[in-house]
Amino acid sequence: MQFQAQLKIIGAKRFRDTVDGTLYDNTKLFVEVSLNDNNGNAVGSASSEMQWGTSENFAKISSLQFPFMAQCQMEMVTNGKTNKTVITDLRPVTAAAQKTGA
């Protein structure tokens, strides 16, 4: 299932290395999400980690000023037991996403 949402991207981390003979190559985004305040025990927001393809994606946003708003194409995937949401495309939507200065 694919869908779109506007997300506040507050951080990013890339990883590309071989661990115990297995190549790991990914970019993780940290997005702001609201805390569940239904029972009155939480207020505000926290970060949630989402996958965004390979480490090559990191270069697409590393020069931007964080945090920034982005229009994200997402997909819900499952392994048959658990579900997760991954980002398949990202487009910054705020002018503040560009670093100032030369």
Side-chain angles (χ1 to χ4, degrees):
M1 171 172 67
Q2 293 189 355
F3 56 99
Q4 289 190 11
Q6 191 166 352
L7 301 174
K8 184 176 184 180
I9 310 298
I10 59 176
K13 181 171 75 170
R14 69 176 167 193
F15 184 80
R16 181 180 167 84
D17 202 356
T18 301
V19 179
D20 295 330
T22 303
L23 174 65
Y24 294 93
D25 185 10
N26 60 64
T27 294
K28 293 180 181 178
L29 298 177
F30 298 89
V31 301
E32 183 177 82
V33 294
S34 297
L35 289 169
N36 183 351
D37 61 358
N38 288 342
N39 60 10
N41 291 328
V43 294
S45 59
S47 69
S48 181
E49 186 179 285
M50 292 186 171
Q51 292 287 124
W52 182 37
T54 68
S55 60
E56 291 179 3
N57 284 338
F58 182 83
K60 297 176 183 178
I61 60 169
S62 63
S63 64
L64 300 179
Q65 182 176 344
F66 285 76
F68 64 91
M69 298 300 293
Q71 188 65 32
C72 298
Q73 179 74 28
M74 298 182 290
E75 184 173 16
M76 185 180 294
V77 296
T78 184
N79 63 7
K81 190 172 185 176
T82 59
N83 299 328
K84 73 176 180 178
T85 303
V86 297
I87 296 173
T88 58
D89 191 32
L90 178 149
R91 288 187 319 274
V93 295
T94 57
Q98 300 176 9
K99 280 193 173 176
T100 57

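Counting from 1, the numbers follow the sequence of the chain as shown.
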So do the side chains of [X] and [Y] get within less than 4.5 Å of each other, counting heavy atoms only?
X   : Y   : result
E32 : L7  : no
W52 : K60 : yes
T27 : I61 : no

Are [Y] and [X] linked, directly or through intermediate hydrophobic residues, by side-chain heavy-atom contacts shorter than 4.5 Å (ILVMFWY only)?
X   : Y   : result
V93 : F30 : no
F3  : V31 : yes
F15 : I87 : no
F58 : L29 : no

Distance (rounded to the nearest 0.5 Å) between [X] [atom1] and [Y] [atom2]:
X   : Y   : atom1 : atom2 : value
M74 : M50 : CE    : CE    : 5.5 Å
I10 : S48 : CD1   : OG    : 9.5 Å
I9  : L90 : CD1   : CG    : 5.0 Å
Q73 : R91 : CD    : CZ    : 8.0 Å
Q4  : T88 : CD    : OG1   : 8.5 Å
N26 : R16 : CG    : CZ    : 10.5 Å

With no hydrogens and no angle check, just 3.5 Å: does a side-chain donor-acceptor pair link D25 and T54?
no
Around D20, counting heavy atoms of other residues, nucleotides and ligands shown, do more than 12 lie under 6.0 Å from its CG?
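No, because the 6.0 Å sphere around CG of D20 holds 12 heavy atoms or fewer from other groups.
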For V86 and K84, work out which heavy atoms get closest and say how close.
CG1-CE, 3.9 Å
Has the side chain of T78 got a donor or acceptor atom that lies under 3.5 Å from a matching backbone atom of T82?
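Yes.
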Output every pair passing salt bridge (charged side-chain N to carboxylate O under 4.0 Å, His left out) with a member in residues 39-55, not counting sequence neighbours, ordered by first then second residue.
K28-E49
